[in-house]
Structure formats: C-alpha cells, structure tokens
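Throughout, a chain's letter reflects where its sequence line sits, starting with A, and its residues are numbered from 1.
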Amino acid sequence: MTTTTQLPPYDPATIEPHWRRQWEIDGLYQVDNDDPRPPYFFLTMLPYTSGDLHIGHWYAMAPSDVAARWQRMQGNNVLFPVGFDAFGLPAENAAINHNTHPKKWTYSNIENMTRQLKTMGASFDWTREFATSDPEYYRWTQWWFLKLYEHGLAYRGLADCNFCPGCNTVLANEQVNRNDDGNGVCDRCESIVEARQMEQWMFRTTAYADELLNFDRCDYPEPIKLMQRNWIGRSEGAEISFPLGREVGGEDRITVFTTRPDTLFGCTFMVLAPEHPLVAELTTDVHRAAVETYVEQARRQNEIERQSTKREKTGVFTGAYAKHPFTGDDIQIWVADYVLLSYGTGAVMGVPAHDERDFAFAQERGIPIPVVIAPADWDGGDLSEAYTGPGKMVNSGRFDGTDWQDGKLAVADALAELQLGGRTVSYRLRDWLISRQRYWGAPIPMIFCEACGIVPVPEAELPVLLPDDAEFLPTGASPLERHDEFVNVDCPQCGEAARRETDTMDTFMCSNWYMYRYVDPHNHQALIDPGLAQQWLPIDQYTGGAEHAVMHLFYARFFAKAARDMGILQIDEPFARLFNQGTITKDGFKMSKSRGNVVNPDEWVARYGADTVRLYLMFLGPWEAGGDWDDSGISGQWRWLNRVWNLALSEVETAGGSADAIRRATHAMIGKVTQDLERFRFNTMIAAMMECTNELQAIRDRGSVDETAWREAIDSLLLCLAPSAPHMTEELWRRLGNDGSVHEQSWPTYDESLAQAETVTVVVQVNGKLREKLTLAPGASQSDAASAARASERVADQLAGKTVRRVVWVPDKLLNFVAN
RNA sequence: GCCGAGGUGGCGGAAUGGUAGACGCGAUGGUCUCAAAAACCAUUGGGCCAAAAGCCCGUGCCGGUUCGAGUCCGGCCCUCGGUACCA
C-alpha cells in the first residue's frame with residue numbers, strides 16, 4: 001500500500017489561474033491561418049448577452065471545448081471562436097426595468113460574461129471575438145441586407161403584427177398573454193391585442209424551399225432534419241378555382257389549395273380565412289353583422305389556438321355561394337378561424353365525407369355529406385365519421401371507378417383544361433419577416449424618397465449608425481421614427497429630402513451569418529477574404545441547443561444558399577456537421593431568475609475549481625438529453641480528480657511487477673474514450689476513465705507494477721483527461737517531467753489486442769431466462785460451452801424432464817436452451 | 001392542435017435485440033479522530049427467507065413480433081423543446 005499523505009494537495013485555486021495565464025502568454029489557442037495542419041472550424045452557438053453567465057452557458061460551451069481540444073490533439077488546426085449575440089428585445093426590456101440604456105446594459109454584460117467565460121479555461125481564440133451590436137459588425141449585417149435587396153431576395157410585403165392599442169405599439173409574441181376568454185392581452189397594459197397588417201421587409205426564403213429539403217451535405221441529427229422538412233411542409237396537390245358567377249372585389253373566382261382533388265365531387269361548402277380579402281365584399285347584408293363580429297374575434301386569437309382540433313369548430317355563413325367547377329352546383333361560402341391566410345390560398349374546400357375537420361363542421365350545421373371515395377366495406381349509406389383512406393371514386397361523374405391516387409392527377413388535369421386550376425405544390429414555409437419596430441437592432445439601410453421611391457443606402461455609407469440618444473421607452477411611436485436627425489436624410493439618388501427606414505432588423509439576421517466573420521473578423525474592406533473563406537468554410541462542427549432546430553439553423557442555411565447564388569461564398573451549407581445538446585435544468589425546471597433556481601458557475605468554481613465543474617456537467621447525463629443540476633452530485637467529480645491527482649503522483653513499487661492488467665485497463669479506456677468522443681457521449685467517456693482509475697488503483701494496491709506500463713497508463717489517463725480537465729492535467733503533465741503542454745500532445749493510440757480480456761462471461765439461459773454464468777476462454781466452442789452448462793446443477797434442474805428443442809449460441813456471450 | 005424528443009433503483013444515469021441498473025450521488029455500517037469534517041473500506045432495485053442458496057417480480061400503460069424486448073411493431077398516458085416578433 002502506497003502512502004499518499006505526503007503528496008502535495010490538489011489545489012485548483014492556484015493551478016487554474018496560473019495555467020490560464022501561461023496559455024495566454026504562449027498564445028496556445030490563437031489560430032494561425034498559415035499553420036500547415038488541416039484546418040478544423042469548431043463552433044458553438046454564440047451566447048445572448050442576457051446578463052450573468054449561468055451554468056447553461058457552461059453546459060453549451062465546456063463540452064464543445066472538450067471536443068475542440070480533442071480535434072487539436074488529433075492533429076488539426078482548430079479554430080474555436082466566440083462572440084456575443086447582442087441586439088434584441090431582452091436588452092430593451094432590461095433597460096426599461098433597470099432604468100439604463102440598452103447599449104450600456106449589453107456591453108457591461110459582455111464584460112462580465114467574458115470574465116466568467118474565461119474562468120472555464122476554454123480554448124477560445126479571443127482575438128476574434130465580437131458582438132453583433134458593434135457598428136463594425138452590423139455594418140456587414142446591413143451590407144447583407146443590401147445584397148439581398150439587389151438580388152431580389154428582399155422585398156416589401158404586408159404582414160400581421162400583434163398591435164397593442166393601449167401602448168400604441170407592436171408587441172412580440174412573448175409580450176402577449178392569454179386571458180380567460182382566450183384573447184391575447186398586452187403584458188404591460190392588458191389591453192386586448194389585435195392583429196394589424198403593416199408593410200414590412202421580407203426575405204424570400206420560399207425561393208429555396210425545395211433546395212432546403214435536401215440534406216445531402218448536412219451531417220445533422222435525424223430529428224433536426226425531420227423538423228426542418230416538416231417546417232417547410234411541402235405538399236403536392238392541386239389548385240381549384242370555384243367560379244363566383246360575377247365579379248367581386250376584382251375577382252370572378254375563389255381559389256383553394258387541396259391535397260385531395262380526388263374528393264372534389266364531395267365538396268359541399270367552402271371556408272375562407274377571416275382575413276381573406278374577399279370576405280367583406282362577399283358577405284350579404286343579412287349576414288354582415290354576424291360575419292363582422294366573427295372576424296373581429298378571430299383577430300384576437302393566435303394561430304395555435306385557431307388550429308386546435310379539440311376546440312369546437314366555429315364559423316359563420318357569408319350568405320354567398322360559389323359554383324362547383326364541374327357540376328355547377330351552389331357551394332356555400334363560410335368564414336372560419338381554423339383556416340389561415342398564411343397557408344395555401346387562405347381558402348379551403350369543405351369535403352365532409354373525407355376530412356375529419358370538415359365532417360365535424362358539416363355535421364353540426366346540417367351541410368350534406370356525400371361520399372365520393374368508397375371505403376372497402378361501404379354499404380352505400382351515410383358515414384358515421386370521415387373516411388380518409390384509399391378507395392375508388394364514386395358519385396364523381398366521369399371519374400367514377402378511378403382509383404383515388406390516379407384521381408388526384410386526373411381531376412387536377414381536367415381542371416387545368418377548364419382553366420379552373422391544375423396540379424401545384426404548396427409549402428407551409430412562409431417568407432421571413434425581418435422588420436422590427438424596435439430600437440435595439442441594426443437599422444435597415446433603406447431610404448424612402450418621394451421622387452425616387454425606395455432607395456438603398458450606398459455601400460460606402462455603411463454603417464447606418466443606430467443613434468444612442470433615441471427614445472426607446474414605449475411612447476406610442478416606433479423609437480427611431482421620432483429621432484429627426486436619424487430620419488431626415490438626403491436621397492442618395494436625387495439629393496432631395498427623404499426619410500430613412502426606421503425599423504430595425506430581426507436579431508436572427510445578425511446571427512445567421514456571424515460564423516463567417518470569425519474567419520476574418522478584422523477585415524475592413526470585405527466581409528471575408530475569399531482565400532480564408534476557402535480555407536475555413538463550411539464550419540466542420542456546429543453545436544448548440546435543439547431549440548434552434550428550425551429558426552436559427554434554417555435561416556442560416558437559407559443565407560448560405562443565397563450567399564452562394566449572389567457570389568459571396570462558395571458553399572452550399574453553412575454547417576457540415578451538427579450536434580444538439582439538451583437543456584440543463586435545476587429541480588426539473590429551466591433556470592430563471594423569477595423561479596430563483598439559477599445555478600451560478602462562479603460559486604462552484606470557487607468551491608471546486610473549473611475542471612470539476614466541467615466534468616460534472618459532462619457527467620450528469622448524455623449531452624443531447626440535457627440534465628438536472630444536483631448540488632450534491634458534483635462532489636463525485638471532485639473526489640475523482642483528487643484520486644487521479646494522487647494516483648499520478650504516488651510512488652509505486654516496481655520490483656518484478658506485471659504489465660498485462662495495466663495495459664488492459666489503459667487500452668480499454670483509450671478505446672472507449674475515443675469512441676465516446678466521436679459521438680459526444682461525455683458521460684460514458686468519464687465513466688470509462690473512472691473505471692480505469694479504479695482499476696489502476698486496485699492493481700497498485702495489490703503489489704508491484706511494471707514501470708513502463710504504469711508510466712504509459714498514467715500518461716494515457718492524463719492525455720485522455722486533458723480536454724476535459726485542461727488545468728489539472730497540464731499541472732500533472734509538467735510535474736511528471738514531460739516537455740511542453742499536455743494540450744500540444746498527440747492523442748494516445750488504441751491497441752485492441754492489448755485491451756482484450758483473458759476470460760469472457762457466457763450466460764446460460766433456459767427458455768430465455770438467465771440460469772447460469774460460465775467463465776470461459778475467449779473463442780470457446782458451442783459444444784464446450786454446452787457441456788459446461790449442462791454440468792451446472794442449476795441448469796440441470798431447469799432442464800429436468802424437458803426436451804431441448806433448440807440451442808441458441810452467441811459466441812463469447814450467450815447460450816440459450818429452448819426446451820419444453 | 002401540429003412537429004420533434006423523452007419516460008429505467010431513493011436520485012443522475014448505463015445497456016450493437018443477448019447478464020437490466022456500468023459509472024457516480026445519496027443512504028446504511030465500519031476505519032481514522034477527544035469529537036466532527038474530510039478521506040478511505042463494505043453493503044445498497046423489490047419480494048419470499050433468520051441468513052444463505054434458490055425462486056418470483058421489475059425499464060410509463062395496454063397489446064403484438066421473437067428462443068430472447070428497456071431496445072422492434074401497433075395503440076394510449078404523461079413530461080420537455082419548437083410553433084415563424086424571446087433568443
């Protein structure tokens with residue numbers, strides 16, 4: 001038994017600041033573009049400057065740092081940058097609540113967060129850091145806007161906003177609460193919020209809908225790809241026009257989109273979205289009051305509530321009719337809030353027999369429910385519920401007898417001949433609305449001139465600076481609108497007095513191209529040097545929360561494709577590989593100041609050091625699943641690091657010691673750790689290193705060890721642990737007399753033959769139930785295993801009086817007697 | 001509502017269709033100590049049993065496939081994330 005009492009104690013409070021300083025002096029993580037090693041761009045989603053850094057930031061970044069460090073040890077030139085997402089609503093809210101300025105609040109947060117981030121000991125290249133609210137940064141955000149406008153990908157269109165009549169201002173969805181009647185109310189003044197249409201800037205994301213469905217160049221988790229595909233929501237179907245027989249509001253027809261044109265002959269009514277432009281003009285005087293009341297209430301509901309299938313299907317009749325395109329029959333025109341203007345054409349045909357929603361709607365209102373697709377066992381009578389399955393068309397004129405699938409195309413093509421529709425594809429995806437009526441954002445670089453119309457700000461005049469002295473408090477006007485100095489400008493084309501756009505950009509606009517800037521962050525002439533772009537892009541590995549599965553990640557993909565087509569970048573996808581970590585909670589809930597369950601990393605670093613905190617975060621569960629922070633759990637990691645410390649520094653007895661068991665433990669660990677790093681399984685990676693530690697300790701305590709094997713074992717353990725516990729391993733590496741930094745070493749090599757166990761456990765089952773365990777040499781034959789098994793009393797008892805019908809043999813694993 | 005993920009001991013979790021509970025926390029007992037803390041050692045899914053051996057039960061619920069299911073299939077329940085102006 002080795003005594004450890006005289007060993008120096010593991011003291012992270014001294015070790016950690018020391019090595020962080022040394023690494024900074026040595027420029028260990030500063031990336032050299034001319035480094036001959038292969039470039040590897042590792043990026044974790046940039047944090048929002050929300051105030052204190054909480055353990056959630058560590059949870060996103062510490063494991064990313066481990067993976068980045070591992071890439072470095074594998075011989076890559078790793079770029080691992082960091083920056084801050086700094087514009088947005090929370091800064092404005094916080095400024096109002098704390099009676100300060102959003103800029104002041106944001107930059108003091110950045111200072112604080114930077115200090116806190118540095119204690120983590122991450123291998124960030126801080127020389128490339130920026131905040132998206134830096135004028136030198138948002139100059140390029142504005143530049144992107146100009147490029148998109150130039151290429152027809154940015155346009156003005158009408159879009160709905162949440163409008164609070166009390167504050168006379170636009171609200172974010174987050175600022176809208178629900179009252180008991182289901183109406184949206186302003187979270188500040190509690191007025192009922194209305195939908196109001198405003199002309200705003202949009203980006204044409206739908207232009208890339210089909211290309212964005214393709215993930216050939218994306219190594220993404222399957223669920224993320226699925227969610228994005230569903231977000232795009234491509235569906236093939238038909239457009240069908242129902243003639244009105246007269247002109248109403250400049251239209252002589254109402255067009256619907258359907259994926260089921262085969263059921264057209266079963267259409268007995270149609271439904272318009274309450275916002276549909278023809279509603280007011282179609283409605284007859286008798287029904288006008290009811291329709292207006294209905295439309296009014298619909299404007300106060302949000303889309304999620306309107307689409308709920310649990311809710312009763314409300315709706316009102318307009319009194320108007322359209323004609324069935326084939327039969328000429330009258331089709332009642334209704335208005336109902338479950339139809340959304342934003343999807344398809346804002347109007348749907350009602351086929352009650354073959355759509356669940358339409359069935360419920362028609363049944364309550366006594367609308368006929370004719371069957372036009374025959375269920376297999378149909379007796380010709382009425383249906384008790386909607387039939388949505390396959391079948392042959394019936395009651396459908398010349399299409400009778402056609403299979404439904406063929407019918408979809410046949411009906412669409414027949415409509416095309418009549419010029420009343422035809423085959424088409426519809427998407428759930430909408431264009432991206434980027435205008436925000438807020439102060440703390442990048443100004444949209446556009447000018448409105450009475451003579452010239454919409455005029456872009458010339459590139460040379462960027463950035464359009466956000467004035468510090470605008471009134472951002474809610475006063476009833478868009479903040480920049482009241483800032484005369486900002487608003488009034490000479491038209492760049494004609495020189496006459498003109499007005500600047502006063503809306504700012506969605507913060508997602510700032511965060512969907514930031515990764516490119518890290519490659520060349522101080523370039524004043526261009527967004528990015530083309531040679532450097534070629535060298536570093538796309539990002540090799542991106543990590544971040546799955547809550548960004550569709551919006552941020554999707555916008556970033558759209559931007560990459562637009563950038564390629566505009567000749568700015570030569571990549572198809574921004575991120576070659578993606579990994580999503582889960583959320584860290586405390587007491588089962590997401591951390592929030594109001595709940596009072598925020599875990600402050602500083603407190604735990606002060607107690608145990610950063611290395612222990614890093615390890616605990618990785619150990620508490622699989623990274624993709626997230627986990628719950630438990631104050632008492634962290635002590636396990638602290639104890640383990642102390643055991644590693646003592647193990648590495650302890651004197652061992654080497655006279656006549658053996659090497660096999662040591663090598664087995666070492667190589668089993670290297671294999672497992674390497675394999676787990678590949679798939680970001682940090683929790684089992686740490687468990688493997690703990691097992692190895694336990695094993696080495698036991699071997700040492702049993703007696704002598706082989707000196708070379710022991711030294712290899714300790715070195716390998718330190719190398720495997722180096723990415724996770726960078727400070728402690730550096731200290732031990734140097735104390736053990738090694739040259740250079742542990743973080744500049746090569747990853748240890750794994751030899752499978754050395755990891756091989758001497759014996760294997762083969763389990764014996766009778767009818768699938770475990771009855772015996774055999775210890776055999778690896779590669780033992782089935783007959784050897786069977787005779788050993790039959791020699792067991794337990795097995796013999798279970799087989800007594802039974803006939804063995806079958807024997808299942810899995811070499812080195814299992815022997816199962818199937819008997820009765 | 002819709003889309004995606006998940007549900008395993010007291011707790012966090014482990015398990016290419018093949019020993020359920022690795023690794024750790026906690027708890028209990030012990031060593032050390034005047035004592036405590038720390039550290040170390042041992043035990044720890046439930047039941048029958050004095051104990052051991054042994055047997056039975058056990059991965060949200062119901063059913064199925066298979067020699068064998070936490071894992072695959074069908075149907076439910078619950079929790080979490082997103083739902084286009086929180087980021």
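Across every strand in view, B/rG68 sits unpaired, with no contact that passes the Watson-Crick or G-U test at under 3.5 angstrom. Across every strand in view, B/rG63 sits in a pair with B/rC73 that passes the Watson-Crick or G-U test at under 3.5 angstrom. The pairing partner recorded for B/rU16 is none, the criterion being a Watson-Crick or G-U wobble arrangement whose two distances lie under 3.5 angstrom. The partner of B/rA22 cannot be assigned: no Watson-Crick or G-U wobble pair with both contacts below 3.5 Å exists in any strand. Nucleotide B/rC32 forms a pair with no other nucleotide shown, judged by Watson-Crick or G-U wobble geometry with both contacts under 3.5 Å. Pairing of B/rU43, defined by two Watson-Crick or G-U wobble distances under 3.5 Å, is identified with B/rA27. In this structure, B/rG1 forms a base pair with B/rU83, meeting either the Watson-Crick or the G-U wobble geometry with both donor-acceptor distances under 3.5 Å.
Neither OP1 nor OP2 of B/rC85 sits under 4.0 Å from any side-chain N or O of A/R438. Put simply, A/N694 has no side-chain N or O that comes within less than 4.0 Å of OP1 or OP2 on B/rC23. Proximity of A/R639 to the phosphate of B/rC25: a side-chain N or O atom is located under 4.0 Å from OP1 or OP2. Look at A/R643 and you'll find a side-chain N or O under 4.0 angstrom from OP1 or OP2 of B/rG24. Regarding contacts with the backbone of B/rG54, every side-chain N or O of A/Q798 stays at 4.0 angstrom or more from both OP1 and OP2. Phosphate proximity of B/rC55 to A/R771: present, with a side-chain N or O under 4.0 Å from OP1 or OP2. For the OP1/OP2 pair of B/rG18 and a distance below 4.0 Å, the side-chain nitrogens and oxygens of A/N816 include no atom meeting the criterion. Look at A/R681 and you'll find a side-chain N or O under 4.0 angstrom from OP1 or OP2 of B/rA15. Between A/K769 and B/rC57 there is a side-chain N or O to OP1 or OP2 distance below 4.0 Å.
Judged by a 6.0 Å distance limit and a 45° cone about the ring axis, A/R438 is not positioned over the six-membered ring of A/F87. Both tests do not hold together for A/R681 against A/W623: distance to the six-membered ring centre under 6.0 Å, angle to the ring axis within 45°. Both tests hold for A/R428 against A/W231: distance to the six-membered ring centre under 6.0 Å, angle to the ring axis within 45°.
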Show the numbers, then the answer: is there a side-chain hydrogen bond (donor to acceptor under 3.5 Å, both in side chains) between A/W640 and A/N642?
CA-CA 5 Å; A/W640 177 50; A/N642 275 282; over 6 Å; no

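A/H548 comes within contact range of at least one nucleobase, with a heavy-atom separation under 4.0 Å. Here A/W231 lies in heavy-atom contact (under 4.0 Å) with a base. Among the heavy atoms of the strands, none lies under 4.0 Å from A/R805. Heavy atoms of A/V550 sit under 4.0 angstrom from primed sugar atoms or phosphate atoms, though from no base atom. Residue contacts shown for A/F619 include a base, since a base heavy atom lies under 4.0 Å away. Using a 4.0 Å heavy-atom cutoff across all strands shown, A/S635 reaches sugar-phosphate atoms only and no base atom. Residue contacts for A/E303: at a heavy-atom cut-off of 4.0 Å it reaches no nucleic acid atom on any strand shown. Within 4.0 Å (heavy atoms only), A/L814 reaches at least one base atom of the nucleic acid. As judged by a 4.0 angstrom heavy-atom cut-off over every strand, A/V176 is placed among residues making no nucleic acid contact. Note on A/V818: only backbone sugar-phosphate atoms sit closer than 4.0 angstrom, heavy atoms only; bases stay farther off.
What separates CD of A/E678 from C1' of B/rU16 is a distance of 15 Å, to the nearest Å. Across the protein-nucleic acid pair, A/N109 atom CG and B/rA87 atom C1' stand 14 Å apart, rounded to whole Å. In this entry the distance linking CD1 of A/I232 with P of B/rG4 reads 14 Å, nearest Å.
Comparing the P positions of B/rA69 and B/rC56 gives a spacing of 15 Å, expressed to the nearest Å. Rounded to whole Å, the separation between the C1' atoms of B/rU83 and B/rC11 comes to 33 Å. Rounded to whole Å, the separation between the C1' atoms of B/rA27 and B/rG45 comes to 14 Å. The P atoms of B/rG9 and B/rU71 are separated by 15 Å, rounded to the nearest whole Å. Distance check on atom P: B/rC86 versus B/rG4 gives 23 Å, rounded to whole Å. B/rC77 and B/rU28: their P atoms are spaced 41 Å apart (whole Å). Taking the C1' atoms as reference points, B/rG21 lies 47 Å from B/rC85, given to the whole Å. Taking atom P on both B/rU66 and B/rA52, the two are 40 Å apart, rounded to the nearest angstrom.
Between the side chain of A/N173 and the base of B/rC85, no donor-acceptor pair of N or O atoms lies under 3.5 Å. On a pure distance criterion of 3.5 Å, a polar donor-acceptor pair joins the side chain of A/Q200 and the base of B/rC85. The base of B/rC85 is paired with the side chain of A/Q437 by a donor and an acceptor separated by under 3.5 Å.
In summary, A/E222 and A/K225 engage in a salt bridge, as defined by a charged side-chain N under 4.0 Å from a carboxylate O. Ion pairing between a basic and an acidic side chain is recognised when a charged N comes within 4.0 Å of a carboxylate O; A/E92 and A/R436 show no such pairing.
Within 6.0 Å of CD on A/E793 lie no more than 12 heavy atoms contributed by other residues, nucleotides or ligands. Within 6.0 Å of atom CD in A/E678, more than 12 heavy atoms from other residues, nucleotides or ligands are found, so the atom counts as buried in its surroundings.
Taking syn as a glycosidic angle within 90° of 0, B/rG9 qualifies as syn.
Remark on RNA chain B: of its neighbouring residues A/N230 and A/Q637, the 5'-side contact belongs to A/N230, judged by nearest-heavy-atom nucleotide.
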